[in-house]
Amino acid sequence: MPLSIAIDGPAGAGKSTIASALAGRLGIRCLDTGAMYRAVALYMIRMGIDPGNRESVMSEMPNVTITVRFIDDIQHTFLNGEDVTGQIRTPDVSQGASCVSSIPGVRRALVPMQRAIADDISIVMDGRDIGTVVLPDASIKLYVTADAEERARRRQKETFEKTGEEIPLEAVLADINERDLRDMTREDSPLKQAEDAVLVDTTRMTIEESVEYALQLVREAVK
Ligand code: DC
């Protein structure tokens, strides 16, 4: 049986960092499912379609093919054959992804692909509904969170390091809060802690501490 580790939680809690570090330490792959929703949002934005307009988004979905490939063990996300890995991290795409992901038809298109990837190989998967919907029988489920202000500070620092852009903390916090509220209150697969998920609050942890703690939880769960 392949190992499956489900990691869910709100934006900026450290999910992706923990997920990829865990995957590296365990020598298995890591699937960032948010990237797939981001690629759908990028398509809609490029086409001039409001990602929040369900009808317009759904009428375009037949023209959207999202694929994922691992190149040197790093996930690359493709939109209709184009590698968009580097173009899906903008604030517009973040908000757009949160909007398209609340549309049940979009989830119906992506969830089976995510499940199929975990069928064959051991994997760490991060998202919002991994423990609750995508992999309900995961070997272990972690719900990674942190105080909203701390998450906003981390996002602000990350954006500055990546782009040199200094976004005011209040703006980052507002963006995070808006996304979290939408992700937590949508009807289909809202973000919530699965009953059998272990809560990992990283507010007062360094990245290294969070990874060590997560690794310890995984080792205890699968021994
Ligand atoms: O993890 P992320 O910030 O890249 O995710 C972008 C958006 O996609 C997020 O606002 C919610 C949505 N998402 C989702 O609904 N389900 C997932 N499994 C992953 C992401």
Side-chain angles (χ1 to χ4, degrees), residues 4-20 22-23 30-45 51-52 54 57 61 64 66 68 74-77 79 84-118 123-136 138 141-146 148 151-152 154-156 158-159 162 167 172-194 197 200 202:
S4 51
I5 301 171
I7 303 190
D8 292 299
K15 293 187 304 289
S16 317
T17 311
I18 293 177
S20 56
L22 267 184
C30 176
L31 180 71
D32 164 14
T33 59
M36 300 165 85
Y37 293 96
R38 285 173 180 270
V40 173
L42 179 66
Y43 176 89
M44 300 302 159
I45 292 168
R54 292 186 172 210
V57 168
M61 275 309 277
V64 179
I66 307 296
V68 162
I74 306 239
Q75 174 177 339
H76 287 249
T77 308
L79 166 61
V84 293
T85 309
Q87 291 156 63
I88 53 176
R89 299 287 152 196
T90 65
D92 275 3
V93 174
S94 299
Q95 285 295 349
S98 177
C99 292
V100 297
S101 69
S102 72
I103 303 173
V106 172
R107 308 199 71 84
R108 271 199 302 277
L110 299 183
V111 167
M113 289 172 55
Q114 297 160 4
R115 287 197 184 121
I117 293 172
I123 202 151
V124 184
M125 206 181 281
D126 86 81
R128 302 292 187 290
D129 60 337
I130 310 304
T132 50
V133 176
V134 181
L135 303 176
K141 301 177 185 177
L142 304 180
Y143 189 84
V144 178
T145 189
R151 292 189 281 118
R154 291 178 191 168
R155 266 291 144 91
Q156 187 191 37
E158 195 180 283
T159 308
K162 274 191 195 149
I167 306 173
V172 185
L173 185 61
D175 184 74
I176 279 188
N177 282 337
E178 187 185 340
R179 263 204 312 143
D180 287 348
L181 183 68
R182 197 185 297 115
D183 295 343
M184 287 171 172
T185 54
R186 66 179 179 223
E187 270 171 43
D188 188 350
S189 319
L191 166 65
K192 64 170 188 231
Q193 183 178 350
V200 178
T202 67

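First listed ligand is number 1; within each ligand, the first listed atom is number 1.
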Identify, for [atom], the protein heavy atom at the shortest distance, and state residue, atom and that distance.
{"atom": "atom 1 (O) of ligand 1", "answer": "Arg128 NH1, 2.9 Å"}
{"atom": "atom 8 (O) of ligand 1", "answer": "Tyr37 CB, 3.7 Å"}
{"atom": "atom 19 (C) of ligand 1", "answer": "Thr33 OG1, 3.3 Å"}
{"atom": "atom 12 (C) of ligand 1", "answer": "Ser101 OG, 3.4 Å"}
{"atom": "atom 6 (C) of ligand 1", "answer": "Arg179 NH1, 3.6 Å"}
{"atom": "atom 4 (O) of ligand 1", "answer": "Arg38 NE, 2.6 Å"}
{"atom": "atom 20 (C) of ligand 1", "answer": "Gly34 CA, 3.5 Å"}

Margin query: I'd like to know if the side chain of Gln156 reaches the main chain of Ile167, judged simply by a donor and an acceptor atom lying under 3.5 Å from each other, with no hydrogens or angles considered.
Written below: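 Side chain of Gln156 to backbone of Ile167, a donor-acceptor pair under 3.5 Å: yes, one is there.
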Item checked: Check: Lys15 side chain, Asp126 main-chain N or O, donor-acceptor pair, under 3.5 Å -> no
Check: ligand 1 versus Met125, non-hydrogen atoms closer than 4.0 Å: side chain, backbone, both, neither?
Finding: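 Neither; no heavy atom under 4.0 Å.
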Check: Using heavy atoms and a threshold below 4.0 Å, how should the contact between Ala11 and ligand 1 be classified: side chain, backbone, both, or neither?
Finding: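 For Ala11, there is no contact with ligand 1 at all, from either part.
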Can you find an N/O atom of [X] closer than 3.5 Å to an N/O atom of ligand 1?
{"X": "Asp129", "value": "yes"}
{"X": "Asp183", "value": "yes"}
{"X": "Asp126", "value": "no"}
{"X": "Arg107", "value": "yes"}

Margin query: Can you confirm whether Pro51 sits close enough to Tyr43 that some side-chain heavy atom of one is under 4.5 Å from a side-chain heavy atom of the other?
Written below: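 Sidechains of Tyr43 and Pro51: no contact.
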Item checked: side chain to side chain donor-acceptor pair (under 3.5 Å) between Thr202 and Arg154, worked out -> CA-CA 11 Å; Thr202 67; Arg154 291 178 191 168; 3.0 Å; yes
Next item on the list: Sequence neighbours left out, what pairs pass side chain to side chain donor-acceptor pair (under 3.5 Å) with at least one residue falling in residues 185-194?
Entry: Ser101-Arg186
Next item on the list: Considering only NZ, NE, NH1 and NH2 on the basic side and carboxylate oxygens on the acidic side, decide whether Arg38 and Asp32 come within less than 4.0 Å.
Entry: no
